[in-house]
> 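Have a look at this one.
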Amino acid sequence: MDRVLVFAYFNKNVGDDLFVRRLQSNLRDKEITFLVTSGTDTQQLKEVFKCNIEVYSKVKEKIDTILYSRLGYMYFLKKIVNSYDKIIIIGGSMFIEYDSWERKYRFYKEIINNKTDIIGINFGPYHTTNFLHRYEELFSRSNVVSFRDMNSYCLFKKLKNKQCKPDIVFGIYEDKDITKKNILGISVIDVTTKKNIDYEKYLRILDKYIQDFSNMGYSIRIFSFCEKEGDFRVCKILKEKYDFLNIVSYDGYNLDEFIKKYKECKYVVATRFHAMILGWVFLSKVLPIAYSYKTINVISDISDDIKYIDLQNNNISDAIPTSTEFSKLRKEKILELSVKSNEHFGK
């Protein structure tokens, strides 16, 4: 049985944890071990995913940083990587140009080689050609780079080992009847951490949808997809203003219950990227609120007819909530996206 080392994003985030679930479902015939860095909640991984864990500790990382500056390689990380038959990097926004991006680049440089599959990603945001070209060279060393949007795919014109498939979470679709209730689901994020987004305007947009659907007699659930990134904090702010709201928060251990409650929503206002994807998968009527281009790029890949609110556009007027702004994808389209999404795993 092949031994596979997987590096994923573990931050108790619904979308990323669904990535891990899809990976495990598609690689049942492999012995999977997850590579985690210090600070990761390994207890959650053991209880929820029941997986093997390889810890790259803070001490090893510090020693490797010194070795890299003097010798050009990271001894402990290289030793871990060399003991596995296959390496998989799975995630969405795994390659962003932060100010300290070279630190993460050194890490990826040690784990990306000809036995590495990089799957489910979009590239960026980035702002320098140096960042793009360094990763193009690094990606060329891998076995395959499987993007989730055409914009990222087209950035790497020289790559011969690239492909583009729909987001991995589309793969959870099941052709079963779903009982919908008169519920508006709203996924929120803390936009104060995002550049060039008007926080007050964002709250006013949410206010309008809450008021409009409440007046139509709908129950309203607000969803926190990632507590650590501030979703729950925003939920509490809205709850203080509208006591009738029901908060549904993902804590890393309640994924099935969270999904069950989300699936019941007839309408969804989706700020989180995977709130949008899940809304479509569960045949809800969805209005995406885009806080980054990764959302807009995927929408463009699927259809030009999908309406959305772009929070990065400072000229937008506050949204006027009407049910006609919400888009529902046909079952046939979802099935097509689901089948193609499984091709990230070579199927």
Side-chain angles (χ1 to χ4, degrees), residues 13-15 18 92 122 148-149 166-189 191 202 205-210 212-214 216 218-226 231 234-235 238 245-246 248 250 258-313 316 319-338 340-341:
N13 179 305
V14 170
L18 283 172
N122 57 269
R148 68 178 176 185
D149 69 285
D167 186 80
I168 286 170
V169 172
F170 277 115
I172 73 171
Y173 172 72
E174 295 179 339
D175 190 11
K176 296 179 180 179
D177 290 334
I178 299 173
T179 302
K180 294 293 184 182
K181 299 180 180 179
N182 286 338
I183 299 171
L184 170 69
I186 301 177
S187 100
V188 302
I189 64 166
V191 297
Y202 173 60
I205 290 171
L206 298 183
D207 282 341
K208 286 190 174 183
Y209 283 95
I210 290 169
D212 188 68
F213 275 81
S214 176
M216 291 193 296
Y218 275 68
S219 298
I220 299 173
R221 291 175 182 168
I222 45 177
F223 290 87
S224 166
F225 273 60
C226 185
D231 295 21
V234 177
C235 286
L238 291 172
L245 298 179
N246 298 300
V248 182
Y250 179 57
F258 183 96
I259 293 297
K260 179 183 177 183
K261 290 183 180 296
Y262 197 77
K263 188 183 295 187
E264 292 175 339
C265 299
K266 185 178 290 186
Y267 288 90
V268 168
V269 174
T271 317
R272 279 278 170 195
F273 176 86
H274 280 111
M276 174 183 72
I277 302 296
L278 286 173
W280 287 330
V281 165
F282 298 141
L283 303 176
S284 302
K285 296 179 180 179
V286 180
L287 175 64
I289 299 181
Y291 65 88
S292 80
Y293 287 112
K294 70 177 180 181
T295 301
I296 297 170
N297 290 337
V298 167
I299 290 172
S300 299
D301 289 344
I302 294 173
S303 173
D304 292 331
D305 297 326
I306 296 171
K307 295 182 179 180
Y308 61 90
I309 297 171
D310 181 4
L311 290 179
Q312 297 177 105
N313 181 357
I316 62 169
I320 301 173
T322 66
S323 59
T324 57
E325 294 175 343
F326 291 72
S327 301
K328 180 179 178 180
L329 298 185
R330 293 177 295 104
K331 276 189 176 183
E332 295 80 7
K333 183 63 175 180
I334 295 296
L335 180 60
E336 174 193 334
L337 293 168
S338 177
K340 288 182 178 179
S341 77

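Keep in mind that the numbers below use all heavy atoms, side chains included, and drop hydrogens, waters and symmetry copies. Remember, predicted model here, so these are calculated numbers, not experimental data.
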> Please check this pair: side chain of S341 against backbone of S338, looking for a donor-acceptor N/O pair closer than 3.5 Å.
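Yes, the answer is positive, given that a donor and an acceptor are paired below the 3.5 Å cut-off.
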> Is there a side-chain contact between T179 and E264, using heavy atoms and a 4.5 Å cut-off?
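Counting from C-beta outward, T179 and E264 never come under 4.5 Å.
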> Side chains of K333 and W280, heavy atoms from C-beta outward: is any pair under 4.5 Å?
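They are not in side-chain contact.
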> Which atom names give the shortest non-hydrogen contact between I289 and V269, and what distance separates them?
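In this case the closest contact between I289 and V269 is CD1-CG1, 3.4 Å.
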> Anything under 3.5 Å between a donor and an acceptor, one on a side chain of residues 166-174, the other on a protein residue two or more places apart or in another chain? List them.
| from | atom 1 | to | atom 2 | distance (Å) |
| --- | --- | --- | --- | --- |
| D167 | OD1 | R148 | NH1 | 2.9 |
| D167 | OD1 | H274 | NE2 | 3.3 |
| D167 | OD2 | V169 | N | 3.0 |
| D167 | OD2 | H274 | NE2 | 2.9 |
| Y173 | OH | D175 | OD1 | 3.4 |

> Which heavy atom of I309 sits nearest a heavy atom of Y209, and at what distance?
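Heavy-atom minimum between the residues: CD1-OH, 4.1 Å.
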> Applying side chain to side chain donor-acceptor pair (under 3.5 Å), name anything that partners T271, two or more places apart in sequence or on another chain.
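Testing T271 for side chain to side chain donor-acceptor pair (under 3.5 Å), a comparison that skips the adjacent residues, returns Y202.
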> List for me each residue that meets side chain to side chain donor-acceptor pair (under 3.5 Å) alongside K180, sequence neighbours excluded, and say none if there are none.
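Result, side chain to side chain donor-acceptor pair (under 3.5 Å) vs K180: S284.
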> So how far is it from D231 CG to N13 CG, rounded to the nearest 0.5 Å?
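That separation rounds to 8.0 Å.
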> Taking the side chain as every heavy atom from C-beta outward, state whether Y308 and M276 have any pair of such atoms under 4.5 Å apart.
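Y308 does not reach M276 side chain to side chain.
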> Could you walk me through whether I205 and L311 satisfy the side chain to side chain contact (heavy atoms under 4.5 Å, CB included) test, starting with their C-alpha distance in whole Å, then the side-chain angles of each, then the deciding distance to 0.1 Å, before giving a yes or no?
CA-CA 10 Å; I205 290 171; L311 290 179; 4.1 Å; yes
> Locate the shortest heavy-atom distance separating A270 from Y262; write the atom from each residue and the value.
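Scanning both residues completely, I find the closest heavy atoms to be CB-OH, 4.5 Å.
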> Would D212 and M216 satisfy side chain to side chain contact (heavy atoms under 4.5 Å, CB included), going step by step from the backbone distance to the final call?
CA-CA 7 Å; D212 188 68; M216 291 193 296; 3.8 Å; yes
> CD1 of I186 to CZ of F213: how many Å apart, nearest 0.5 Å?
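Nearest 0.5 Å value for the CD1-CZ distance: 8.5 Å.
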> For the residue pair S214 and I220, what are the closest heavy atoms and their distance?
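It is N-CD1, 3.9 Å.
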> Is any NZ, NE, NH1 or NH2 atom of the basic residue among E325 and K307 found under 4.0 Å from an Asp or Glu carboxylate oxygen of the other?
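Salt bridge flag = no for K307 with E325.
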> Around atom NZ of K260, are there more than 12 heavy atoms of other residues, nucleotides or ligands at under 6.0 Å?
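Counting neighbours around NZ of K260, 12 or fewer heavy atoms of other residues, nucleotides or ligands fall under 6.0 Å, so no.
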> Do F225 and F258 have ring centroids that are under 6.0 Å from one another?
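Here the rings of F225 and F258 have centres that are less than 6.0 Å from each other.
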> So, taking the atom named CD1 in I183 and the one named NZ in K266, what distance separates them when rounded to the nearest 0.5 Å?
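Those atoms lie 9.5 Å apart.
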> Atom CD1 of I334 and atom CD of E336: how far apart are they, to the nearest 0.5 Å?
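CD of E336 is found 9.5 Å from CD1 of I334.
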> I'd like to know if the side chain of N297 reaches the main chain of Y293, judged simply by a donor and an acceptor atom lying under 3.5 Å from each other, with no hydrogens or angles considered.
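Looks like yes, one N/O pair under 3.5 Å.
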> Look up atom OG in S187 and atom CG in L206, then write down how far apart they are to the nearest 0.5 Å.
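Atom-to-atom, S187:OG and L206:CG are 9.0 Å apart.
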> Does any non-hydrogen side-chain atom of V298 lie less than 4.5 Å from one of N122?
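They are not in side-chain contact.
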> Hey, could you give me the CD1/CG distance between I210 and L245, rounded to the nearest 0.5 Å?
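The distance works out to 5.0 Å.
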> Which pair of non-hydrogen atoms, one from C226 and one from R272, has the smallest distance, and what is that distance?
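Minimum heavy-atom separation between C226 and R272: CB-NH2, 3.8 Å.
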> Report yes if the side chains of I306 and L329 come closer than 4.5 Å at any heavy-atom pair, otherwise no.
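Yes, side chains in contact.
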> Okay, side chain of R221, backbone of K261: is any donor-acceptor separation there less than 3.5 Å?
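Here the side-chain-to-backbone pair exists.
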> Return the minimal non-hydrogen interatomic distance between K263 and F282, and the atom names on each side.
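Residues K263 and F282, closest heavy atoms: CE-CE2, 3.6 Å.
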